[in-house]
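Below: the structure, in structure tokens.
Reminder, nothing fancy here: chain letters follow the sequence lines and each chain counts from 1.
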Amino acid sequence: MSPTASAIIAAIRARPQQFAELADAHRDVPWPDFLHAWGEVRRANILGRDDNGNYRIEPCEDKA
Amino acid sequence: MKKSFRDFLADLDGAGELRRIKRAVDLRDVSALVNQSPQAMFFEELKDYPGWRLAGGLIGTRKRLALAMGCAEKDVAARFEQGLGRLIEPVMVEAAPCQQVVRMGADVDLAAIPYPLMHLFDGGPYLSGTFVTSKDPEFGRNAGSYRLMYRTPNETGIDLVSPSDMRFYYQRQLDRGRPLEIAVAMGVHPYEMLAASYKAPIDMDEYTVAGSLHGAPVPIVKCKTVDLEVPADAELVLEGELLPIGWTADEGPFGEFSQISGDVKWNPIFRVKCITHRIDPIFYFLQMPWENDWLAAPVTEAAGLRALRNASVQPVAIRAPVGSCGYWTLIASIKKRPGEGKNALLALLSVSEVKLAIVTDEDIDIYNPDDLDWALTFRVQADRDTIIVQGARGKHIDPSIKAWELGKGGLPTTAKLGIDATIPEGVPKQLYKRIQYYGKGRVKLEDYL
């Protein structure tokens, strides 16, 4: 997994976040690279959503 | 002659309605920049996307919509209605600008096209200005517009919650355990976008509506990997299939055409098998909600005109205000005969998800809010001149219908209100005689300045 993808997961694990917050935290990463990293996170199949649209790490995956 | 997306950009340019930006722009800044511009915008250079340009906010006003349709602002509904009368079949071509560059298989990479983050609360980057084609063996070709949320380099979410022909096609395929092939064209002329917005009868091909609006056939080309056709002059095409997983994948929120941020929905996934585009592509950034709302207005208005005529009511003017997103409210003035205020309301409330209809006499200027308020104040008795219909078809993105109480894939209902603001039967018209100023026409202010 790329460093950006790992950083995104760590950020969401720390607290549920909006996509825009994740994008803001990676303004230094070229947008196509950020999208590739987001694709890696999506493919890891560990994301869930809360009622406010925040991304969170699904509890079962969190335990793992 | 059939006009292209580029022809429309030239029309905007010629009318002084297109602002060009030469400085390279970061895609993450485009949404805020387009929102600040009173004109449509054209970005000559996109940072990290060499070779791509971007046009956005094109139909941001009724004036620019009228420009696209080659008519006066008040005539857009009649112009669209005209397009429903003399359908023109598309014509197949062998070579197409939209297929000058072809990427399939492992070369498919949605991150390599300018996939913008549009709004603060969106669930991801979105494509909004889409013209999506699908087919059903029994009902034929369909075109509509659906938003696509970036998920991975070859997958997007797609909002297929609301009732539509493509949702129906998808359900039929889902019942067989099969995917539904779709092709997404971007950067097409507004006539194609209007045709896609129109809720055509299921056996009507929206390409023929677009052809009629153009007054010439839409050139189409066969897709590379799916059994579908797309407008040959498009800027960008995504080919692929909706996976047979039903409404199970998170999608949204997205800045909806209701002018609300929306919420997370459960939807199918679009897997992209092939990306084709022009050699010098222009990405279309459809600015929500305004472009969507202005594109919706003439479609809703034309449906209202048709409904009135089918009810043998003679319309004078009709308006789907942008405050109702060009979709939920219809205001019409009519040449009224006794009882037709109510007949007109019943007709207008039958249109799609219109939930508020107001009918006035022909002396009311429905484009003037003060004139409309005056009619509502003095021609309406609430116990006599309103109609409420319960349990009609609704739309999820209207928060007042509490769609969250539905299960995944469930369809909401709504109540509808009609207000007859025509002069009531039995009330003499002379009681509405307007004030006229003494000396009007004889005395001129400029003579005293």
ask   = Counting heavy-atom pairs under 4.5 Å to chain B, which of A:P32, A:A23, A:A20 comes out on top?
value = A:P32
message = Quick check on B:R23: does its CZ atom have over 12 non-hydrogen neighbours (other residues, nucleotides or ligands) under 6.0 Å away?
response = no
inquiry  = Can you confirm whether B:K47 is buried at NZ, in the sense that more than 12 heavy atoms of other residues, nucleotides or ligands lie under 6.0 Å from that atom?
reply    = no
query = Under 4.5 Å between any side-chain heavy atoms of A:R43 and B:P153, yes or no?
reply = yes
Of all the heavy-atom pairs spanning [X] and [Y], show the shortest one and how long it is.
X     : Y      : result
B:R28 : A:H26  : NH1-O, 3.3 Å
A:W31 : B:P125 : CZ2-CG, 3.7 Å
A:R49 : B:G252 : NH2-O, 2.8 Å

Output side-chain donor-acceptor pairs under 3.5 Å for residues 98-123 of chain B, partner residues at least two apart or in another chain, one line each.
from: B:Q99; atom 1: NE2; to: B:K222; atom 2: O; distance (Å): 2.9
from: B:Q100; atom 1: OE1; to: B:I279; atom 2: N; distance (Å): 2.8
from: B:D109; atom 1: OD1; to: A:H36; atom 2: NE2; distance (Å): 3.1
from: B:D109; atom 1: OD1; to: B:A111; atom 2: N; distance (Å): 2.9
from: B:D109; atom 1: OD2; to: A:H36; atom 2: NE2; distance (Å): 2.8
from: B:Y115; atom 1: OH; to: B:L148; atom 2: O; distance (Å): 2.9
from: B:Y115; atom 1: OH; to: B:Y150; atom 2: N; distance (Å): 3.4
from: B:H119; atom 1: ND1; to: B:D122; atom 2: OD1; distance (Å): 3.2
from: B:H119; atom 1: ND1; to: B:D122; atom 2: OD2; distance (Å): 2.9
from: B:H119; atom 1: ND1; to: B:G255; atom 2: N; distance (Å): 3.3
from: B:D122; atom 1: OD1; to: B:G255; atom 2: N; distance (Å): 3.1
from: B:D122; atom 1: OD2; to: B:H119; atom 2: N; distance (Å): 3.1

query = With only heavy atoms counted, which part of A:D50 is less than 4.5 Å from chain B, the side chain, the backbone, both or neither?
reply = backbone
remark   = Of the listed B:D26, B:L27, B:D48, B:D263, the one with the largest count of heavy-atom pairs under 4.5 Å with chain A is B:D48
